[in-house]
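Keep in mind the model is a prediction, meaning the values are calculated, not measured. Each chain gets a letter, A, B and so on, in the order its sequence line appears, and its residues count up from 1.
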There are 2 protein chains.
Amino acid sequence: MSAKEQGQVASEAGLSKQRVVVEAVRLADREGVDGLSMRRLAGALGAGAMSLYHYVANKDELLDAMIDVVFAEIELPPEEADWQSAMRWEAASTRQALARHPWAIGLMESRTSPGPANLRHREAVTACLRRAGFSVVMATHANWLINSYVYGYALQAATLPFDTADELADMTEDVYLPQLPPDEFPYLNESAAALIAAGYDPAEEFIFGLDLVLAALEPLRASA
Amino acid sequence: MSAKEQGQVASEAGLSKQRVVVEAVRLADREGVDGLSMRRLAGALGAGAMSLYHYVANKDELLDAMIDVVFAEIELPPEEADWQSAMRWEAASTRQALARHPWAIGLMESRTSPGPANLRHREAVTACLRRAGFSVVMATHANWLINSYVYGYALQAATLPFDTADELADMTEDVYLPQLPPDEFPYLNESAAALIAAGYDPAEEFIFGLDLVLAALEPLRASA
DNA sequence: TCGTACACTGTACGTCGTACGCTGTACGAT
DNA sequence: ATCGTACAGCGTACGACGTACAGTGTACGA
């Protein structure tokens, strides 16, 4: 078992856990998690359904592995940058990964044990915060706050069908405003109308909140 | 159709959309969303599986209705309190509801249109912020930030198997630390050990981050 | 007394995850 | 050259799923 580690080598044509999981991620991106079945996945790999069970114990383990693929896509905070820039970079990368794979958000609830990429990621973030002068307890607070913001933002963004100011304006006129009669929802109605009038751009919302969060964390730091 | 509105009256023994959805929530709380099937739900209601389709178009609509039941459990921000207290109250109530029904978090991604309770809730929060002196745009920022934090916190909390300092200490000793060798995960290892040594209480984490968020929002307010 | 409406259900179809047992091939030992 | 073993891959089958469809029964106005 020289070159044949836990992770397998997948040489050439044959299957491998890698290939199975990566194709599962592709399928979920294209069709959603509900469209991901062992048979369809096997079909996409040109294999029989039961062949997959040589690389994955069951579907639950496959889903766990898929989540870890998503975490592996997230870039680690760069070590040379100051802590705010590093965390901003990392948070933006996380948000992008979760936007590419929105099903991952829904999957995270229900699976409890973090995969290796997830752990590597947490280690790097904790390292960044500790080196920046946060105590263990304060680094924990910062971790919770930043992760909560990023995951929660991704969750909300996943439920919204627009990404740009134009798409928002179209949706607001066509579907939101008609559902928000001013007598029942005066404030929401006002907001919807005022936001598109002001040219509100949802693409900038993430960084706005993130900067507030990072600035709020700065005082918790015992600067070396 | 005098007393027979959209919502039905459910008098006495018969079924009703109310009864179906509420029992579905109970079942999901007890067995998880994956354990919720139309047949099992019907069984719990003492009915045949197909009877449910008189009150719910399909399972997707049932899931939408279940989410709205969760939103209906969230208390609205009290009008008489100052905005920070009001939002703190509302956020705490949201977190509790999502802790009672963790499956709701996973369901939110994938369902795009908010139910009536969700809308009522957003209206009340927006009203609270606007009355406190936030402009439309700033109230939108505040809404995104607070919701992101609360949903993200609930999502993370749902994946963790402990709620108290004692449970955390047990888990850390028995399963976390053994999985965090100090040469591979020096910072996580240090943190895990230091947190239990310091008697870190996860139950206080939520309010800590929330207060930081609320304080960070205060300057965005044009105080009347 | 009848007709109609409607709450309710049984059966059946296609799909799902996966247990089980069968193939074939690759390869070290003889 | 022959065999044994190991293992990648697959076909079939089972129970559970969502739900289309075609019924039932009962309540009630005419």
(message) Let's test this: given Watson-Crick or G-U wobble pairing with both distances under 3.5 Å, identify the partner of dA30(D).
(response) dT1(C)
(message) So, OP1 or OP2 of dC17(D): does either fall under 4.0 Å of a side-chain N or O from S37(B)?
(response) yes
(message) In this structure, how many angstroms lie between the C1' atom of dC17(D) and the CG atom of L63(B), rounded?
(response) 14 Å
(message) Whole angstroms only, please: what is the CG-P distance between L52(A) and dA19(C)?
(response) 13 Å
(message) Using whole Å, what does the distance between atom P of nucleotide dA20(D) and atom CG of N58(B) come to?
(response) 8 Å
(request) Would you kindly give the CG-to-P distance between L45(B) and dT9(C), to the nearest whole Å? (result) 10 Å
(request) Calculate the interatomic distance between L41(B) atom CG and dC17(D) atom C1'; express it in whole Å. (result) 14 Å
(message) Can you work out whether G35(A) or G46(B) has the more 5'-proximal nearest nucleotide on DNA chain C?
(response) G46(B)
(message) Run H101(A) and M66(A) through side chain to side chain contact (heavy atoms under 4.5 Å, CB included) and show every step you take.
(response) CA-CA 10 Å; H101(A) 314 292; M66(A) 290 169 64; over 6 Å; no
(message) Without decimals, in angstroms, what is the distance between R40(A) CZ and dG14(C) P?
(response) 17 Å
(message) If I take atom CE in residue M38(B) and atom P in nucleotide dA20(D), what distance separates them, rounded to the nearest angstrom?
(response) 10 Å
(request) Output, in order, the C-alpha distance, side-chain angles, deciding distance and verdict of salt bridge (charged side-chain N to carboxylate O under 4.0 Å, His left out) for E31(B) and R40(B). (result) CA-CA 11 Å; E31(B) 322 252 10; R40(B) 300 238 284 146; 3.3 Å; yes
(message) Which label fits F208(A) and H141(B): parallel for a plane angle under 30°, tilted from 30 to 60°, or perpendicular past 60°?
(response) parallel
(message) Rounded to whole Å, how long is the line connecting atom NZ of K59(B) with atom P of dA16(D)?
(response) 15 Å
(message) Please pick, from dG18(D), dT18(C), dC21(D), the nucleotide with the shortest atom-to-atom distance to any side-chain atom of M50(B).
(response) dC21(D)
(message) For R39(A) and H54(A), find the nucleotide of DNA chain D closest to each by heavy atoms; which residue's nucleotide sits nearer the 5' end?
(response) H54(A)
(message) Ring of F206(A), cation from R95(A) - is the NZ or CZ under 6.0 Å from the centre and inside 45° of the axis?
(response) yes
